[in-house]
Peer 1: 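Input: one structure, supplied below.
All values derive from a computational prediction rather than experimental measurement.
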There are 2 protein chains.
Amino acid sequence: MPDPPHAVDPVQLGAYFALIEVSDLLRHAIEQQLREDGDLTFVQFQVLMRLSRSPTGSHRMTDLADAIVHSRSGLTYQAGLLAKAGLVTRSPSPHDERSTTVTVTDAGRALIAQVLPGHEQVVSQMLFEPLSRDDARALAGLLEPVRDHMRAAPPRSATPRRRRGRSSSSRGGP
Amino acid sequence: MPDPPHAVDPVQLGAYFALIEVSDLLRHAIEQQLREDGDLTFVQFQVLMRLSRSPTGSHRMTDLADAIVHSRSGLTYQAGLLAKAGLVTRSPSPHDERSTTVTVTDAGRALIAQVLPGHEQVVSQMLFEPLSRDDARALAGLLEPVRDHMRAAPPRSATPRRRRGRSSSSRGGP
DNA sequence: TCTACTTGCTTCGAATTCGAAGCAGGGTTA
DNA sequence: TAACCCTGCTTCGAATTCGAAGCAAGTAGA
């Protein structure tokens, strides 16, 4: 067999690099716009958006964490900031005493309304200006199955280790 | 005019959300694999990869920073870690005394060789498993023009402000 | 040459993120 | 009911990132 089953050909490599760089630049531009227009982080914006789109205006902490951030503690921190700013409220869940329900306030909705036009402008200009309507449809058609595939598949066996910095010789030597 | 020129239609919204989530999940999976296989951050991996691919095995700090990270100080920090681990060396540039040239060491190349198979495996399984060869080509064909467009366009007028957390009433109230 | 501006990098403080550990409420089984 | 495990969230320490400020070397103009 000439190649291992996971070889990445040049075309794939190009798509992979472009994906990484595009999402990186896009995210950076979005963060700047949100900071200028409403003093929001992208994570905070995502939390508020998700709450705003919910029929009840609220979600459980865990559901928000799974959807937006990769750790529970990260959401605890952000929810604390948003609550302190009066953009959300936190209350114990009626059915489960240990669960916390997060709800958008009117101020939160107002802030979303304030930053949303600029947000759409940035996304439109940076991401969709070079893409036709059919291109956008094709892009969605390619990425949505990938997203579903990623959500289904666990990301390998999990055995976290220490990071570089500290622990003098973890691998390559001094 | 019914819509402002930057309106985002549902198809675009789907592509945008999928892009954000795909890159987020992919990056997270990659970071885990690199940590397990070689105790590397994605940023550190990108630095080593870029150096390895250079004919001289070296680059200036600024060029690395522009390509990989969004601040100079961030690269200074990472280069310090990599140098302490013996994966790169830093030396003053011959032509410009204030410029620092970063060069991969043999240990750095060896570490790249060590983590690269796992890296390709993750990218292949997570990103390209649901995509045919033509899909990958189409994805590259869509994203590469977007990347070039983003690199060309400045990200709006730059006027950074403070972030939420501190500065009691920056917007929404107490 | 001298002054002023620019460029390349580092240092510093603050903010964000994560994982591990801890705590309390829920659920299950004997 | 009691013992045990799972679930949901928070607290804590460490690591990473950025922007602002600072410093040294290069460059241009008078």
Side-chain angles (χ1 to χ4, degrees), chain A residues 24 27-29 31-32 34-36 39-47 59-66 68-85 88 90-102 155 158-167 170, chain B residues 24 27-29 31-32 34-36 39-47 59-66 68-85 88 90-102 155 158-167 170:
Chain A
D24 223 48
R27 195 175 178 115
H28 195 246
E31 298 229 316
Q32 177 176 336
L34 291 174
R35 189 162 54 245
E36 291 175 7
D39 197 22
L40 279 176
T41 301
F42 188 39
V43 170
Q44 295 167 345
F45 172 74
Q46 284 178 298
V47 169
H59 274 301
R60 300 189 316 156
M61 291 283 289
T62 292
D63 298 335
L64 288 173
D66 286 344
I68 293 171
V69 110
H70 295 290
S71 71
R72 310 301 155 107
S73 50
L75 186 67
T76 296
Y77 175 76
Q78 288 297 341
L81 290 185
L82 290 173
K84 198 182 313 180
V88 304
R90 283 179 293 183
S91 54
S93 198
H95 292 299
D96 192 336
E97 189 61 28
R98 54 212 162 133
S99 182
T100 298
T101 298
V102 184
T159 308
R161 300 182 188 178
R162 312 138 216 80
R163 287 207 178 160
R164 194 171 304 285
R166 253 213 206 292
S167 79
S170 53
Chain B
D24 224 46
R27 196 177 176 114
H28 195 247
E31 297 230 317
Q32 177 176 336
L34 290 174
R35 190 163 50 245
E36 291 175 8
D39 196 24
L40 278 177
T41 303
F42 188 38
V43 170
Q44 295 167 346
F45 173 74
Q46 284 177 299
V47 169
H59 274 300
R60 299 190 316 156
M61 292 283 290
T62 293
D63 297 336
L64 288 173
D66 287 344
I68 293 170
V69 110
H70 294 291
S71 71
R72 309 303 157 108
S73 51
L75 186 67
T76 295
Y77 176 75
Q78 288 297 343
L81 290 185
L82 290 172
K84 198 183 313 181
V88 306
R90 284 180 290 184
S91 55
S93 198
H95 292 300
D96 192 338
E97 190 61 28
R98 63 218 152 124
S99 183
T100 298
T101 298
V102 184
T159 309
R161 301 182 187 178
R162 310 137 214 80
R163 288 205 177 160
R164 192 171 304 287
R166 242 205 215 296
S167 80
S170 52

Peer 1: Rounded to the nearest Å, what distance is computed from the CD1 atom of residue B/Ile68 to the C1' atom of nucleotide D/dT16?
Peer 2: 15 Å

Peer 1: Starting at CZ of B/Phe45 and ending at C1' of D/dT16, how long is that distance when rounded to a whole Å?
Peer 2: 19 Å

Peer 1: For B/Gln78 and D/dT17, is the shortest distance between a side-chain N/O and OP1 or OP2 below 4.0 Å?
Peer 2: yes

Peer 1: State, with a plain yes or no, whether a side-chain heavy atom of B/His59 is found less than 4.5 Å away from one of B/Leu64.
Peer 2: yes

Peer 1: Mapping A/Gly74 and A/His95 onto DNA chain C by nearest heavy atom, which one lands closer to the 5' end?
Peer 2: A/Gly74

Peer 1: With axes from five pairs an end, tell me the bend angle of the helix from C/dT1-D/dA30 to C/dA30-D/dT1, nearest 10°.
Peer 2: 20°

Peer 1: Rounded to the nearest angstrom, tell me the gap between atom NE2 in A/His70 and atom P in D/dT16.
Peer 2: 17 Å

Peer 1: Check whether any side-chain heavy atom of A/Glu31 sits under 4.5 Å from a side-chain heavy atom of A/His28, and report yes or no.
Peer 2: no

Peer 1: Measure the distance from CD on A/Glu97 to P on C/dG27 and round it to the nearest whole Å.
Peer 2: 12 Å

Peer 1: Once rounded to the nearest 0.5 Å, what's the spacing between atom OG of A/Ser99 and atom CE of A/Met61?
Peer 2: 9.0 Å

Peer 1: CZ of B/Arg35 versus P of C/dT17: gap in Å, rounded?
Peer 2: 16 Å

Peer 1: Round to a whole Å and report the spacing from CG of B/Asp66 to C1' of C/dT7.
Peer 2: 12 Å

Peer 1: Round to the nearest Å and state the distance from B/Leu40 atom CG to D/dA15 atom P.
Peer 2: 16 Å

Peer 1: So how far is it from A/Gln78 CD to A/Ser73 OG, rounded to the nearest 0.5 Å?
Peer 2: 11.0 Å

Peer 1: Under the salt bridge (Lys or Arg N to Asp or Glu O under 4.0 Å) definition, can you give me all pairs with a residue in residues 73-83 of chain B, not counting sequence neighbours?
Peer 2: none

Peer 1: What's the spacing between B/Asp39 CG and B/Thr41 OG1 if we round to 0.5 Å?
Peer 2: 8.0 Å

Peer 1: Rounded off to whole Å, could you give me the CZ-to-C1' distance for the A/Phe42 and C/dT17 pair?
Peer 2: 16 Å

Peer 1: Can you list the steps and then say if B/Asp24 with A/Arg27 is a salt bridge (Lys or Arg N to Asp or Glu O under 4.0 Å)?
Peer 2: CA-CA 10 Å; B/Asp24 224 46; A/Arg27 195 175 178 115; 3.3 Å; yes

Peer 1: Would you call B/Arg60 and B/Asp66 a salt bridge, taking side-chain N to carboxylate O under 4.0 Å as the test?
Peer 2: no

Peer 1: Atom CZ of B/Phe45 and atom CG of B/Leu40: how far apart are they, to the nearest 0.5 Å?
Peer 2: 8.0 Å

Peer 1: Got a list of protein N/O to nucleotides 8-12 of chain C N/O distances below 3.5 Å?
Peer 2:
residue : atom : partner  : partner atom : Å
C/dG8   : OP1  : B/Arg60  : NH1          : 3.2
C/dC9   : OP1  : B/Met61  : N            : 3.3
C/dC9   : OP1  : B/Ser99  : OG           : 3.3
C/dC9   : OP1  : B/Thr100 : N            : 2.8
C/dC9   : OP1  : B/Thr100 : O            : 3.1
C/dC9   : OP2  : B/Thr62  : N            : 2.6
C/dC9   : OP2  : B/Thr62  : OG1          : 2.0
C/dT10  : OP2  : B/Thr76  : OG1          : 2.7

